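Hydrogens, waters and symmetry mates play no part in the numbers below; they use all other heavy atoms, side chains included. The chains referred to below are lettered A, B, ... by the order of the sequence lines, with proteins before strands, and numbering in each begins at 1. These numbers come from a predicted model, not from an experiment.
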Protein chains: 2
Amino acid sequence: MSELKIQHLITLTELLSKGAKHNFISITTSSLGKNIHKSQQAASKHLLELEEGGLIQRMMSGRKISVKLTKKGYDQIADMYNLIKNSLESSPSEIEIGGILVSGMGEGAYYMSLKGYTKQFKTKIGYVPFPGTLNIKIEKKEHIESLRQVNNMPGKQIDGFSDGKRTYGWVRCYSCTLNGKIPCNLIFLERTHHDLSVAELISEFDIRKKTGLKNGDRITITIPVS
Amino acid sequence: MSELKIQHLITLTELLSKGAKHNFISITTSSLGKNIHKSQQAASKHLLELEEGGLIQRMMSGRKISVKLTKKGYDQIADMYNLIKNSLESSPSEIEIGGILVSGMGEGAYYMSLKGYTKQFKTKIGYVPFPGTLNIKIEKKEHIESLRQVNNMPGKQIDGFSDGKRTYGWVRCYSCTLNGKIPCNLIFLERTHHDLSVAELISEFDIRKKTGLKNGDRITITIPVS
DNA sequence: ATTACTAAAACTCGAGTAC
DNA sequence: TGTACTCGAGTTTTAGTAA
């Protein structure tokens, strides 16, 4: 992880951005200090230390200083660059939420079968869900937080409607997979907007039947993230 | 340049590489400490400070800690990444050397016209140089250093030869431009290997005639770098 | 105007330790 | 085991200042 003192990285980067890779650049310690948000004295010391460490080549020219990175100095920056780059790239772009299968309120099945919803499901998520939702009890605080995060992401919105007697709220869908393989949709309902300790899943088929999952089984939901 | 304390960047990067961008990851302060080459106490403090700065979201789960980067935390890393990236990329890949045109030793003209050299010039740099070299007096210490750097780079080697009476040393050529436009070659001669306060240029044409440059004029040589 | 020294203030770290 | 406090030692930064 580099025996490079980290504060010097900023200084090196500043010099590099001024073009100090191949040519000597002429600077003053106070301008450098200003740019790295340190005092003139600190900048002067950094330069001295960088030279001592063989990271820069430093010459006095008149009252100013001429500096150029050495190969070692350049390599240090390149190393740090690659370290961050790898961290950024190896970062998986999925949210994982674990929970326990519980029995849902039977009413879900009824609502989801209403014509006002099914027409939209067909066009927006590509299928009419099997009647009935899969309820997942989320136990870990951090998974509830993750669910909150999903809730703040834009999803596929199924609009609410009214049949004259009453109104039915919107449903927001997030494509996801159950236990890494079963495709389904995580849904948020307008009416239960507040409760994030239970996640509801819908799927084209009867998941309980297809997978043999029973209440009390631990499951994992994986939601892809942009 | 970020009000982010730099030492925390390492911690953030470590968390990110463990996948803390989208999901809470479960860690102990001592394992984190080990990874960032700091003590358990330092790791604990860093986490506390990162949370305070709004860079991570932190939850106790049992005896361990669950951590996730916030948008702000992620942005900080991305910012630093882009900063370094820009520095690395905006870095011009040329060496610039300034100097003053002086009269060369007339002998240069003679040597460069020898068959043993001209044949090689034709094949290696594409032309037979105008007889006579252009001598540039380098005044700034840092430009002499730059010249030394060029001298350490691999160039196009014109081999020495012998005509039976005496031997002629090698010549090394570096394609460059004079004052940003005139194409020419910077040459190093075996016999003057040591003196880097004068640079010698050769060109296909008579530069003095073509440009009207006279002794005492300030000129700039630009040498492209891999 | 510069650089860079000294001394003191401000930080950061880790050992010891409480919980 | 865990986290995270206090406190002393070491390090870094800055103010003041010499050259």
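Note on Lys38(A): only backbone sugar-phosphate atoms sit closer than 4.0 angstrom, heavy atoms only; bases stay farther off. When heavy atoms are screened at a 4.0 angstrom cut-off, His8(A) is found touching no nucleic acid atom at all.
Of the possible polar contacts, none joining the Ser91(A) side chain to the Leu88(A) backbone as a donor-acceptor pair under 3.5 Å is found.
Distances were taken from every side-chain heavy atom of Met60(B) (C-beta onward) to each of dT12(C), dA4(D), dT14(D); the shortest belongs to dA4(D). Comparing dT12(C), dA15(D), dA4(C) by their nearest atom to the side chain of Ser44(A) picks out dA4(C). Nearest nucleotide to the Ser30(B) side chain, out of dG14(C), dA4(C), dT3(D): dT3(D). Closest to the side chain of Lys5(B), out of dT2(C), dT12(C), dG2(D), is dT12(C). The Leu48(A) side chain lies nearest to dC5(C) when the options are dC5(D), dC5(C), dT14(D). For Gln41(B), whose side chain is taken as the heavy atoms from C-beta onward, the closest listed nucleotide among dA4(C), dA15(D), dA4(D) is dA4(D). Distance from the side chain of Ile65(B) is smallest for dT3(D) among the nucleotides dT3(D), dA4(C), dT2(C).
Rounded to a whole Å, the NZ atom of Lys64(B) is 13 Å from the P atom of dT1(D). Taking atom CD1 on Ile56(B) and atom C1' on dT3(D), their separation rounds to 13 Å, with Å as the unit. Here dA4(C) presents its P atom at 9 Å from CD of Glu51(A), a figure rounded to the nearest Å. Taking atom NE2 of His37(A) as the reference point, atom C1' of dA10(C) lies 19 Å away to the nearest angstrom. To the nearest angstrom, C1' of dC5(D) lies 14 Å from CD of Glu49(B). Atoms NZ (Lys34(A)) and P (dT3(C)) sit 12 Å apart, rounded to a whole Å. In this entry the distance linking CD1 of Ile10(A) with C1' of dT13(D) reads 15 Å, nearest Å. For the pair Ile6(A) CD1 and dC13(C) P, the computed distance is 8 Å after rounding to whole Å.
The phosphate of dT13(D) (OP1 or OP2) has a side-chain N or O of His46(A) nearer than 4.0 angstrom.
Comparing Ala43(B) and Leu47(A), the nucleotide of DNA chain C nearest to each residue sits closer to the 5' end for Leu47(A). Between Ile27(B) and Lys45(B), it is Ile27(B) whose nearest contact on DNA chain D lies nearer the 5' terminus. In terms of position on DNA chain C, the residue among Gln40(B) and Thr29(A) whose nearest nucleotide sits closer to the 5' end is Thr29(A).
Looking only at atom types and distance, the side chain of Ser30(B) has no donor-acceptor partner in the side chain of Gln40(B) under 3.5 Å away. No hydrogens or angles considered: a donor-acceptor pair under 3.5 Å links the side chains of Glu142(B) and Ser66(A).
Evaluation of the salt bridge (Lys or Arg N to Asp or Glu O under 4.0 Å) rule for Lys71(A) yields Asp75(A) as partners, not counting sequence neighbours.
Scanning atom types as modelled, no donor and acceptor separated by under 3.5 angstrom connect the side chain of Arg63(B) and the base of dT3(D).
A cation-pi contact, defined as under 6.0 Å to the ring centre and within 45° of the axis, is absent between Lys85(A) and Tyr81(B).
Rounding to the nearest 0.5 Å gives a distance of 5.0 Å between CG of Leu48(A) and CZ of Arg58(A).
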